[in-house]
Trainee: 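Quick one: structure below, then a few questions.
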Amino acid sequence: MELIITEKDNAARRIADILSGGTYDSSRENGVNVYEWGGKRCVGLSGHVVGVDFPDEYSDWRDVEPVELIDANVEKTATKENIVATLRILARKATRVTIATDYDREGELIGKEAYDIVRDVDEEVPIRRVRFSSITENEVQSAFDDPDDLDFDLAAAGEARQIIDLIWGAALTRFLSLSAGQLGNDFISVGRVQSPTLKLIVDREREIQAFDPETYWELFGDLTKDETTFEAQYFYRDEDDNEAERVWEEAVADEVYETLAERDSATVVDVNRRTRTDTPPEPFNTTQFIRAAGALGYSAKRAMSIAEDLYTAGYITYPRTDNTVYPDDLDPEELLDDFVGHPTLGDSAEDLLEADEIVPTEGDEETTDHPPIHPTGEIPTRGDVSDDEWEVFELVVRRFYATVADAAVWEHLKVVTEVDDYRLKSNGKRLVEPGYHDVYPYFSTSENYVPDVAEGEELALTDVELEEKETQPPRRYGQSRLIETMEDMGIGTKSTRHNTLEKLYDRGYIESDPPRPTKLAMAVVDAAENYADRVVSEEMTAQLEQDMDAIASGEATLDDVTDESREMLEEIFANLADSRDEIGDHLRKSLKDDKRLGPCPECGEDLLVRRSRHGSYFVGCDGYPDCENTLPLPSTGKPLILENECEEHGLNEVKMLAGRQTFVHGCPLCKAEDAGEGPVLGTCPDCGDEHDGELAVKTLESGSRLVGCTRYPDCEYSLPLPRRGDIEVTDERCDEHDLPELVVHSGDDPWELGCPICNYQEFQARESDSGSDLEALDGVGAKTVEKLADAGIESLDDLTEADPDAVAEDVDGVSADRVRTWQAKA
DNA sequence: GCAAGGTC
């Protein structure tokens, strides 16, 4: 029995399909899919199934000095126990093992992890390694015809990275967290990738803060030829003889303005016409995909999550890749053929197929990991995927179209006119050959019309304007720009860069989008720059890459590299020791600055945004417990403190971040003063006995209403009320809850809501019996639920037990792969 | 409860 091990389940299934000619059987062991045919079994891992960590005795942050972690043992432990267990069982029965993990450094390490697990149960069994860069018939067959050995040096290079990242990350993270007393969930993290990324954001913020705007002037006028009017802008030659439009002295600007304004014509002195070829874009790697999806409004995280779903369902290729060159076995014509006849994607494919020759564009990166992201040729039915999924799928399809389309051609026309010694220019552009823009409508193709004129012609000059402007600070990085910059700097990987950004949000280092650093982030970067410069610099990764290359080529060993790294960290800690309190004070101060709203009207200390034990946010006084002043915050979203201050109270305004429902709450004190607290209904069932809390009808700043406790935010008991209509409190009382019955007046028929507690209980009961739990799955709507029900699948439980292939046969428009994805999610 | 890297 030969055992084949791949990096992921999806690859295992496709390799089984290729090697067995489609005749494999699948079964599940410990929740792991095993594919079997003619004396072979194939199983997929889930990336790394073991991870590095310190022994247990190092796990209490307060008991262990962070510096001790530098020389602590680093152990490997199973992180995916079910997969490791399955692998051990399968390895015992194997007479030969083939490792077929991804063809890159991390894949070699993952292969080595599998190797160690197999060796642990069988010291003798031959273990070989196959390498292929795309899972296609040709590549896979020839890889298996010509197997190789595992590259232990390359795997060791990866292990060195794991050890160095763990030691530096853990030791410095613990040091900063302990110095500021931030333990538990709010620790202060540092790492080889996250910290240089954070420094990028912080450095840009420093530039913005230090920016001193300068005033300048620009002059515009309208020119007319044969009733066509177009814009012209004043320009001059600066000291380096470059064209410049900005005038830095007001007197000069006025002088030019006066001359232009009093003249009514300008003479054409130069006409320059040229054509420009606009080459089609390169195939998608992960970064460029994220950028293009970003332009459609998707966050990096969301774009990757949708791509992942489209990949698992079989519609697009693997979304994590560095490659921008299509492999030889991708036949563009064949792939275009798959789209012919499609109602919305078909026309473009047919147009492209009419070309004499199809030559795809290529980028600079030709790697062995995976092909560039492209459609597989399998097309989802519109109703089977969400609108977002379809939009992203179409983007991937059209990007593929663009890479095999013709270049576009633009015609640029530059007209220079003169008034006395002053010159004006007009730039026109026209798209003469739309080329790839016809199939890839995501780039702007706006034209700017400038008519044909000849040298010496006199054009009417009107509407001369002098505009005063200010230079602008540099702009904050957007998410996709950050990911591109990380790639340029060589930090992170195609699989992790978008997660790193999420991590910075989670740690409270950045807020909002485009991300803005918090005071805490500024302080962390400050501390790192002063004491551990290496960890915030891209140099650390660059050096590590060199060291890993040295290990991979046999010029250095894992121990050489990790020992040297440990020594560097020892030195850092030697310098840190004396400054612990100073660093801690700075961090603590910054943490408070991030929460500060302004002065407490009752005691003059600071009002801070705080979080209750239940997780909700409120405004509390720093003078607590001496001052017990509190103000409520809305229950939806996470508060973001804005820069603008309320004029009346001197408090910063607050915005509530809640995805699409994000809204500006404003000054919490104004809101509290305005908040309509309506009639009191009765005793609060949660805190009434203990603290005399009462329930009242409340109107929130968002306009929605609820029945809530008067002791909010100390008591968070609340009941929903309808959004519209006047609420009448009747004399009838509910026997069970001793609350008045309510009537809502909206339109002609009053709605007898009754006791708010009874009403809420009934509402909850209805919610829980209605509908099918299948609807919780991605892309499953009422229609699919109905189709599944026809096939005898009425619940998630039914679905988990069903055979994917049978379901695919019975249910129209549902593939076996999709069923497997659902099963995995269920 | 620390990192970064895989993958779901």
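A, B, ... follow the sequence lines: proteins, then strands. Residue 1 opens every chain. Both backbone and side-chain heavy atoms feed into the values below; hydrogens, waters and symmetry mates do not.
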Trainee: Please determine if R161(A) and D547(A) form a salt bridge, counting it only when a charged side-chain N lies under 4.0 Å from a carboxylate O.
Mentor: no
Trainee: Have a look at R192(A) and say if it touches a base, only the backbone sugar-phosphate, or nothing, with a 4.0 Å heavy-atom cut-off.
Mentor: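 Since only primed, P, OP1 and OP2 atoms lie under 4.0 Å of R192(A), the category is sugar-phosphate.
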Trainee: If I take atom CG in residue D104(A) and atom P in nucleotide dG6(B), what distance separates them, rounded to the nearest angstrom?
Mentor: 7 Å
Trainee: Rounding to a whole Å, what distance do you find between Q162(A):CD and dG6(B):C1'?
Mentor: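 The distance from CD of Q162(A) to C1' of dG6(B) comes to 10 Å, rounded to the nearest Å.
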Trainee: Should L150(A) and I127(A) count as side-chain neighbours, where that means a heavy-atom distance under 4.5 Å?
Mentor: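 No, every pair of side-chain atoms sits at 4.5 Å or beyond.
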Trainee: Have a look at G44(A) and say if it touches a base, only the backbone sugar-phosphate, or nothing, with a 4.0 Å heavy-atom cut-off.
Mentor: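 Contact class for G44(A): none.
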Trainee: Quick one: is dT7(B) close enough that its OP1 or OP2 comes under 4.0 Å of any side-chain N or O from S495(A)?
Mentor: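 True: S495(A) side-chain N/O within range (under 4.0 Å) of dT7(B) OP1/OP2.
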Trainee: Could you state the CE-C1' distance from M540(A) to dA3(B), rounded to the nearest angstrom?
Mentor: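 Distance check: M540(A) CE to dA3(B) C1' gives 9 Å.
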Trainee: Would you say R507(A) reaches dG1(B)'s phosphate, i.e. side-chain N/O to OP1/OP2 under 4.0 Å?
Mentor: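 No, outside the criterion.
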Trainee: With heavy-atom distances below 4.5 Å as the criterion, would you say the side chains of H48(A) and K80(A) are in contact?
Mentor: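 They are not in side-chain contact.
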Trainee: Please report, rounded to the nearest Å, how far the C1' atom of dG5(B) is from the CD atom of E159(A).
Mentor: 13 Å
Trainee: Is any side-chain N of the basic residue among R13(A) and D9(A) closer than 4.0 Å to the acidic one's carboxylate O?
Mentor: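 Yes.
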Trainee: So do N33(A) and V43(A) actually touch side chain to side chain, heavy atoms under 4.5 Å?
Mentor: no
Trainee: Base, sugar-phosphate alone, or nothing: which one does R105(A) contact when heavy atoms must sit under 4.0 Å apart?
Mentor: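 Answer is nothing: R105(A) stays at 4.0 Å or more from every strand.
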Trainee: Please pick, from dC2(B), dG6(B), dA4(B), the nucleotide with the shortest atom-to-atom distance to any side-chain atom of V193(A).
Mentor: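 Within the option list, the nearest is dA4(B).
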Trainee: Which of these nucleotides, dC8(B), dA4(B), dA3(B), is closest to any side-chain atom of R161(A)?
Mentor: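 When the side chain of R161(A) is considered, dA4(B) is the closest of dC8(B), dA4(B), dA3(B).
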Trainee: Between the side-chain atoms of D53(A) and the base atoms of dC2(B), is any donor-acceptor pair under 3.5 Å?
Mentor: yes
Trainee: Taking CG from D506(A) and P from dG1(B), how many angstroms apart are they, rounded to a whole number?
Mentor: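 Atom-to-atom, D506(A) to dG1(B), this comes out as 15 Å.
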Trainee: Among dC8(B), dA3(B), dG1(B), which nucleotide sits nearest the side chain of W61(A)?
Mentor: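 The listed nucleotide nearest to W61(A)'s side chain is dG1(B).
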Trainee: Which side-chain N or O atoms in residues 60-69 of chain A pair as donor and acceptor under 3.5 Å with protein atoms at least two apart or in another chain?
Mentor:
| residue | atom | partner | partner atom | Å |
| --- | --- | --- | --- | --- |
| D60(A) | OD1 | R62(A) | N | 2.9 |
| E68(A) | OE2 | E65(A) | N | 3.1 |

Trainee: May I ask whether W168(A) stacks on the base of dA3(B), given the cut-offs of 5.5 Å between ring centres and 30° between planes?
Mentor: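 Answer is no, no stack.
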Trainee: Charged N to carboxylate O below 4.0 Å: is that the case for R534(A) and E529(A)?
Mentor: no
Trainee: Take atom NZ of K76(A) and atom P of dG6(B), then tell me their distance rounded to the nearest Å.
Mentor: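 After rounding, the gap between these two atoms is 15 Å.
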Trainee: Which of these nucleotides, dC2(B), dT7(B), dG6(B), is closest to any side-chain atom of T173(A)?
Mentor: dC2(B)
Trainee: What is the separation between atom OH on Y311(A) and atom P on dC8(B), rounded to the nearest whole Å?
Mentor: 6 Å
Trainee: Which nucleotide sits closest to the side chain of K503(A): dA3(B), dG6(B), dT7(B)?
Mentor: dA3(B)
Trainee: Can you identify which nucleotide, out of dG5(B), dT7(B), dA3(B), has its nearest atom closest to the K8(A) side chain?
Mentor: dT7(B)
Trainee: So if I take residues 177-190 of chain A and measure heavy-atom distances to DNA chain B, which residues fall below 4.0 Å?
Mentor: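 Heavy-atom cutoff 4.0 Å gives L183(A), G184(A), F187(A), S189(A), V190(A).
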Trainee: Measuring to OP1 and OP2 of dG6(B), would you say a side-chain N or O of T493(A) lies under 4.0 angstrom away?
Mentor: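 Yes, because at least one side-chain N or O of T493(A) sits under 4.0 Å from OP1 or OP2 of dG6(B).
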Trainee: Just the rounded figure in Å: distance from C1' of dC2(B) to CG of D165(A).
Mentor: 12 Å
Trainee: Taking R131(A) as the fixed residue, which of D369(A), D148(A), D149(A) is the one that meets the salt bridge (Lys or Arg N to Asp or Glu O under 4.0 Å) rule?
Mentor: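 Result: among D369(A), D148(A), D149(A), D148(A) is the only option passing the salt bridge (Lys or Arg N to Asp or Glu O under 4.0 Å) with R131(A).
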Trainee: What is the nucleic acid contact for D60(A), judged by heavy atoms within less than 4.0 Å: base, sugar-phosphate only, or nothing?
Mentor: base
Trainee: Would you mind telling me which of dC2(B), dA4(B), dG6(B) lies closest to the side-chain atoms of R174(A)?
Mentor: dC2(B)
Trainee: Report the residue (S59(A) or Y318(A)) whose heavy-atom-nearest nucleotide on DNA chain B is the more 5′ of the two.
Mentor: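 Per heavy-atom nearest nucleotide, the more 5' residue is S59(A).
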Trainee: Look at T496(A) and dA4(B) and indicate whether a side-chain polar atom (N or O) is within less than 4.0 Å of OP1 or OP2.
Mentor: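 No, no such contact exists.
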Trainee: Mark yes or no for whether E108(A), through its side chain, and D151(A), through its backbone, hold a donor-acceptor pair below 3.5 Å.
Mentor: yes
Trainee: Of the nucleotides dG6(B), dC8(B), dA3(B), which has the atom closest to the S46(A) side chain?
Mentor: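 The answer is dC8(B).
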